[in-house]
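Quick notes on the structure that follows.
Within every chain, numbering begins at 1; the chains are lettered A, B, ... in the order of the sequence lines, protein sequences first and strands thereafter.
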Amino acid sequence: MTQNGLPISFLSDFGLADEFVGVVHGVLGKLAPESRVIDVGHGTPRGDVRAAALALTRAIQYLPEGVALVVVDPGVGSERRALALETEWGYFVGPDNGVLSPAVAMVGGATVIVSIDNPEARIPSPGETFHGRDVFAPAAGLLASGEASILDLGAELAPGSVQPLLLPLPETEGNIVTGEAWWVDSFGNVQTNIGPDDLNAIGLTPGSTLTVKVGATLHTIPWATAYSDVDSGEALIHVDSVGLIAIAVRDGAADEELNLSSGVSVTLAGTGSTPAG
Amino acid sequence: MTQNGLPISFLSDFGLADEFVGVVHGVLGKLAPESRVIDVGHGTPRGDVRAAALALTRAIQYLPEGVALVVVDPGVGSERRALALETEWGYFVGPDNGVLSPAVAMVGGATVIVSIDNPEARIPSPGETFHGRDVFAPAAGLLASGEASILDLGAELAPGSVQPLLLPLPETEGNIVTGEAWWVDSFGNVQTNIGPDDLNAIGLTPGSTLTVKVGATLHTIPWATAYSDVDSGEALIHVDSVGLIAIAVRDGAADEELNLSSGVSVTLAGTGSTPAG
Amino acid sequence: MTQNGLPISFLSDFGLADEFVGVVHGVLGKLAPESRVIDVGHGTPRGDVRAAALALTRAIQYLPEGVALVVVDPGVGSERRALALETEWGYFVGPDNGVLSPAVAMVGGATVIVSIDNPEARIPSPGETFHGRDVFAPAAGLLASGEASILDLGAELAPGSVQPLLLPLPETEGNIVTGEAWWVDSFGNVQTNIGPDDLNAIGLTPGSTLTVKVGATLHTIPWATAYSDVDSGEALIHVDSVGLIAIAVRDGAADEELNLSSGVSVTLAGTGSTPAG
């Protein structure tokens with residue numbers, strides 16, 4: 001594969017039951033025949049903009065520079081704009097609902113933003129517009145092949161006019177950090193929005209024992225550096241492969257054991273402190 | 001990716017639990033190392049020839065011209081022939097059970113049809129023939145790479161000897177159109193076999209209110225041009241992205257709300273008419 | 001796609017719900033931009049080393065020579081080594097838990113084995129090591145692109161130090177062969193570890209009628225050469241597309257009909273013999 005086309009990394013909530021993902025690949029294959037297409041994943045829960053935004057943010061530094069195409073779009077059919085953004089990493093294409101914002105911020109922000117509204121950059125539909133097929137894939141394909149510049153796709157937008165994604169930050173009160181479950185992976189591991197620095201700041205380090213409060217329940221869990229630091233079936237706190245504080249159960253599912261799901265509040269403290277949540 | 005190999009678009013009912021899809025990709029990678037392979041999808045319900053035929057028909061105009069490989073084959077092991085067809089679009093490879101017929105018709109019909117019966121075009125199996133791996137993938141790979149011409153694959157067949165796929169047509173009686181649910185996508189949207197022209201012919205247009213009869217139940221549903229024309233949870237009739245009349249529920253699943261599944265009869269009329277079904 | 005990069009065949013138990021598979025593809029796309037990547041499958045049951053080893057063994061002869069990347073690794077985080085092996089077929093990369101061993105043996109064994117412990121061949125993680133992303137994918141990508149030789153990846157190991165995978169062999173006593181269910185595919189077909197030679201040796205051939213004992217239940221099943229040899233709903237014994245004795249039910253699921261799952265003992269004999277199991 002000679003790199004005459006930029007690689008395209010494609011993330012959606014289409015699932016794999018229908019031919020939606022395949023049709024988008026078809027459009028990309030027509031418009032960018034030299035480009036590799038990487039499926040970042042299509043298992044995002046339907047319309048879950050935050051989950052898709054976080055997945056892209058976790059993945060972006062591992063994806064080859066080129067075009068990121070994201071189609072998670074619960075507002076499809078409404079007034080929501082279709083965006084293409086240029087960054088140091090490459091191009092981002094997707095709906096103006098915040099799904100691109102954290103990853104774009106992580107790679108240093110956008111230098112150019114356009115609304116994909118040039119009819120010549122779209123595929124006419126025989127009926128309702130299928131935005132993934134008719135708007136987003138053509139824009140990604142044209143950018144990847146170099147057949148269009150970003151300014152060919154539509155009107156340039158001011159940076160401030162793009163939809164941000166509000167992501168919760170952890171809060172520290174005294175010796176207690178309150179954050180939330182951010183992602184439960186398919187192994188049942190629970191990633192939080194808390195970083196190791198947040199815990200260091202209240203005197204906790206690997207080896208500390210923590211009190212973890214979920215709802216009204218308190219758990220005592222060690223901050224481990226390896227799963228093998230705890231027995232099978234036991235919970236551990238660790239810095240996960242993305243660099244965030246996560247809760248896991250060795251050979252088990254932490255989400256079930258601790259009754260955690262995405263968005264649930266989690267309070268951490270040293271065992272000497274009482275997390276009031 | 002230099003286009004020294006035709007792109008191959010691959011549709012099956014293998015699912016993704018086993019290595020079947022991967023093994024077919026392996027054979028294609030060996031025989032057509034220069035070809036891009038697009039997975040149109042592998043989630044067709046097992047042995048559902050009609051569902052696969054319709055999926056291919058919806059997708060074909062968006063797939064890059066090359067080779068369409070379809071393996072949905074409930075009659076595997078019986079006398080059913082393996083086909084390769086040449087068309088204006090490119091080549092079609094799959095079983096002689098009708099699964100290719102609607103898409104081949106859509107691209108203008110076949111100019112050459114062969115039965116893939118040349119043993120040199122097949123991979124010998126250590127046991128039972130796995131047709132996807134041993135017959136269909138080799139034929140697709142040889143055609144994509146140009147290593148074989150279609151006439152190298154086996155004996156030429158007369159067009160009339162190929163299995164058609166009988167697809168139901170909607171029927172109009174007076175001011176009432178009766179069709180059927182044709183496809184329920186994974187969002188719960190229900191595509192019918194009825195076109196907007198069928199409704200125009202009985203005086204209905206976007207903005208009309210329709211009576212929809214499913215089983216013994218009558219529903220009153222507007223013909224909308226956008227989901228946002230109705231409230232959340234409300235049903236709408238619209239022309240979907242394939243150009244057919246579909247029934248959807250905004251933020252909901254029409255198949256559940258209206259008790260519809262593939263093959264179920266649907267009768268449409270203006271609200272002034274009584275659909276007798 | 002010019003073959004300036006070796007093809008990479010990737011098998012894991014990651015599933016497709018998260019972005020894990022996509023991130024590995026991203027790393028491969030960065031390090032081996034000229035290589036085709038084939039997904040052998042990602043549906044192996046979590047941590048099922050034997051299932052993955054058998055899937056790779058079934059697939060290997062159909063995969064283009066290059067790099068086989070396998071990430072099924074229940075011991076992740078323990079002392080288990082990461083391996084790269086050179087064979088006549090190409091390279092194998094994966095954990096030292098036996099998952100590679102049967103396929104490596106099938107292609108003639110390894111000529112060079114290394115432990116991937118050179119930090120320069122790994123991607124540094126912001127937290128816990130995600131071995132698929134940080135260790136195995138980089139090794140596969142470097143080998144595929146030719147950016148590293150296998151000896152660049154780490155210290156060479158003696159062949160005998162690699163973890164084997166113990167696979168059960170069938171046993172014959174008198175006129176009775178006892179083996180086990182080895183794989184149930186998603187169609188419900190049950191592959192055993194018994195070969196047709198094992199049955200030939202006790203006087204059974206295609207056309208014979210067999211007594212099949214599962215648990216305490218005896219079934220009478222013909223050895224057929226085609227599904228159409230039996231009626232719909234009836235069981236048959238046949239040599240499957242991998243060349244092993246399998247039990248199937250025409251238009252049905254043999255695993256449910258015979259109460260079989262992977263690892264369950266199966267005893268076969270001619271109808272004149274009583275399988276004591």
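- Both the backbone and the side chain of Phe187(A) come within less than 4.5 Å of a heavy atom of chain C.
- With a threshold of 4.5 angstrom between heavy atoms, Ser9(A) does not approach chain C through any atom at all.
- Per-residue counts of heavy-atom pairs under 4.5 Å with chain C were compared for Gly41(A), Gly66(A), Ser186(A), Ala55(A); the largest is that of Ser186(A).
- Between Phe10(A) and Phe136(A), the ring center distance fails the sub-6.0 Å criterion.
- With a threshold of 4.5 angstrom between heavy atoms, Ile38(A) approaches chain C through side-chain atoms but not through N, CA, C or O.
- Between His42(C) and His25(C), the ring-plane angle classifies as perpendicular under the 30° and 60° cut-offs.
- Both the backbone and the side chain of Asp185(A) come within contact range of chain C, judged by heavy atoms closer than 4.5 Å.
- Applying the side-chain hydrogen bond (donor to acceptor under 3.5 Å, both in side chains) definition to pairs two or more places apart or across chains, none involves residues 82-93 of chain C.
- Contact of Leu31(C) with chain A is not made at all, since no heavy-atom distance falls under 4.5 Å.
- For the side-chain contact (heavy atoms from CB on, under 4.5 Å) with Leu100(A), the lone residue among Val72(A), Val49(A), Val70(A) that qualifies is Val70(A).
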Return a table of donor-acceptor pairs under 3.5 angstrom between the side chains of residues 245-252 of chain A and protein atoms on other chains or two or more places apart.
residue   : atom : partner   : partner atom : Å
Arg250(A) : NH1  : Val230(A) : O            : 2.8
Asp251(A) : OD2  : Ser232(A) : OG           : 2.7

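- Only the side chain of Leu16(A) comes within less than 4.5 Å of a heavy atom in chain C; its backbone stays farther off.
- A cation-pi contact, defined as under 6.0 Å to the ring centre and within 45° of the axis, links Arg50(C) to Trp182(C).
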